[in-house]
Amino acid sequence: MELVKGGTFKNAWSNYHGGEIAVRDFYIGKTEVTQREWTAVTDGIPSRFKGDNLPVDCVSGYEAIEYCNRKSLTEGLEPYCNLDKSRQDPDNKSETDPVKWIVTVNEGANGYRLPTEWEWEYAAGGGQKSKGYKYSGGNKPDDVSWNWRNAGEEYMSGGWSWQAIENNLTRTHPVGSKKANEPGLHDMSGNVRDWCWDWCEDPAIETGLFRVVRGGGWVGDVHTVEIAFRGKFEASGIGPGQGFRVARNADPEEAA
């Protein structure tokens, strides 16, 4: 985990630059959760691509939250989230989500959780250490991210193509193998998309249909690994391009 000191958004590429939005100090994973970390607290590997140091993929938003709670308990921390599996969430408007667990939070808990969208974008943009990069850690996407062009056997050119991606054996790569950004975080751009806590707030769609995902990934075009790109995915959705990283509230004494 890396402590990210809070403040307002300094990176001009951010959606929130120049506004009054500020984030508090928080901890966030230096990398996406690996398959080694996943199997340390839960059974089985759901991932399409197998490897201890690869990011876990094919994980739903619910499974990511369950992992956070289990990891908290193994480390003697208070779980941040409460999961009610006996009822369906009335705020979840999706007609194709069969899960719809009700998720509430313990605001003062010190356990693991998913980052909020603000926290994620603030950290990806460098926080208070920001040098104003378009991608997380640099202005050249291939230096800092695994995306559809560079994550396969050969470097791809031209327009995005799923058939080309499959033929090129495009896939995830070991976490931390690309350059870190200013706070020391890897793969905030690319590798797999990161689940965030928030519902997607978009005037074009109804709130309660999708959860926010950020960072693009090995399957995404280069524009999706920009720090400002906002993705969305159904909370129960799984796919080989979908993973997550964990966050924690910062204890004021630890952050001082």
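With rounding to the nearest 0.5 Å, the separation of OG in Ser145 from CE in Met188 is 13.0 Å. The CD atom of Glu234 lies 3.0 Å from the OG atom of Ser94; values are rounded to the nearest 0.5 Å. Atom CH2 of residue Trp146 and atom OG1 of residue Thr172 lie 10.5 Å apart, to the nearest 0.5 angstrom. The structure places CG of Leu185 at 11.0 Å from CD of Glu32, a figure rounded to the nearest 0.5 Å. Atom-to-atom distance recorded for Lys134:NZ and Ser189:OG is 11.0 Å, nearest 0.5 angstrom. Considering CZ of Phe9 and CG of Asn15, their distance stands at 9.0 Å, rounded to 0.5 Å.
Through chains of ILVMFWY side-chain contacts below 4.5 Å, Trp162 is grouped with Phe49, Leu54, Trp148, Met156, Trp160, Ile165, Val192, Trp218, Val219. Cluster partners of Ile205, by chain and number: Leu209, Phe210. The rule joins Ile, Leu, Val, Met, Phe, Trp and Tyr whenever side-chain heavy atoms lie under 4.5 Å apart. Listed by chain and number, the hydrophobic cluster partners of Ile45 come to none, as no ILVMFWY side chain reaches under 4.5 Å of it.
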* Can you list the steps and then say if Ile238 with Val59 is a side chain to side chain contact (heavy atoms under 4.5 Å, CB included)? -> CA-CA 5 Å; Ile238 60 173; Val59 175; 5.9 Å; no
Exercise. Dump the intermediate steps for ring pair (Phe, Tyr, Trp, His ring centres under 6.0 Å) on Trp195 and Phe233, then the final yes or no.
Key: CA-CA 9 Å; Trp195 282 109; Phe233 207 39; 5.8 Å; yes
Stepwise salt bridge (charged side-chain N to carboxylate O under 4.0 Å, His left out) test for Lys71 and Glu37: CA-CA 9 Å; Lys71 182 174 174 63; Glu37 291 171 322; 5.6 Å; no
Derivation of the salt bridge (charged side-chain N to carboxylate O under 4.0 Å, His left out) call for Lys5 and Asp25: CA-CA 5 Å; Lys5 300 294 288 185; Asp25 297 350; 3.3 Å; yes
For this session: May I have the step-by-step check of salt bridge (charged side-chain N to carboxylate O under 4.0 Å, His left out) for Glu119 and Arg113, ending in yes or no?
Result: CA-CA 12 Å; Glu119 288 174 332; Arg113 57 178 175 79; 2.8 Å; yes
* Test salt bridge (charged side-chain N to carboxylate O under 4.0 Å, His left out) applied to Lys131 and Glu182, step by step -> CA-CA 8 Å; Lys131 297 180 180 178; Glu182 300 93 323; over 6 Å; no
* Take Tyr67 and Trp38 through the ring pair (Phe, Tyr, Trp, His ring centres under 6.0 Å) test and state the conclusion after the steps. => CA-CA 8 Å; Tyr67 170 88; Trp38 175 267; 5.5 Å; yes
Verdict with supporting geometry, Leu114 and Trp120, side chain to side chain contact (heavy atoms under 4.5 Å, CB included) | CA-CA 9 Å; Leu114 295 177; Trp120 190 97; over 6 Å; no
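In this structure, Arg24 has no salt bridge (charged side-chain N to carboxylate O under 4.0 Å, His left out) partners at least two apart in sequence or on a different chain. Applying the salt bridge (charged side-chain N to carboxylate O under 4.0 Å, His left out) rule to Asp221 yields no partners; only residues at least two apart in sequence or on another chain are considered.
In Lys232, the NZ atom is not crowded: 12 or fewer heavy atoms of neighbouring residues, nucleotides or ligands sit closer than 6.0 Å. Within a 6.0 Å sphere centred on CH2 of Trp118, other residues, nucleotides and ligands contribute 12 heavy atoms or fewer. Within a 6.0 Å sphere centred on CD of Gln163, heavy atoms belonging to other residues, nucleotides or ligands number 12 at most. Sparse packing is recorded around CD of Glu154, with 12 or fewer heavy atoms of other residues, nucleotides or ligands lying under 6.0 Å away.
Looking at Glu121 and Asn11, their side chains never come closer than 4.5 Å, going by heavy atoms from C-beta outward. His186 is not listed as a side-chain neighbour of Val175, based on a closest heavy-atom distance of 4.5 Å or more. Using a 4.5 Å heavy-atom threshold, the side chains of Thr104 and Ile102 count as touching. Between Gln88 and Trp101 the shortest side-chain heavy-atom distance does not fall below 4.5 Å. Lys10 is listed as a side-chain neighbour of Gln128, based on a closest heavy-atom distance under 4.5 Å. With contacts defined as side-chain heavy-atom distances shorter than 4.5 Å, the pair Leu73/Glu75 does not qualify. Glu153 has its side chain out of reach of Thr170: every pair of non-hydrogen atoms, C-beta onward, lies at least 4.5 Å apart.
Looking at Asp142 and Tyr155, their side chains do bring a donor and an acceptor atom within 3.5 Å of each other. The closest side-chain donor-acceptor pair between Asn181 and Ser136 falls under 3.5 angstrom. There is a side-chain donor-acceptor pair under 3.5 Å between Thr207 and Glu201.
Residue pairs meeting the side chain to side chain donor-acceptor pair (under 3.5 Å) criterion with at least one member in residues 57-66, sequence neighbours excluded, are Ser60-Glu63, Tyr62-Asn92, Tyr62-Asp97, Glu66-Lys85.
Looking at every heavy atom in both residues, Ala123 comes nearest to Phe26 through CB-CZ, 4.0 Å. Residues Cys58 and Ser47 share a closest heavy-atom pair of CB-CA, 4.4 Å.
For the pair Arg211 and Trp199, the cation-pi criterion (under 6.0 Å, within 45° of the ring axis) is fulfilled.
A donor-acceptor contact shorter than 3.5 Å is absent between the side chain of Asn106 and the backbone of Cys81.
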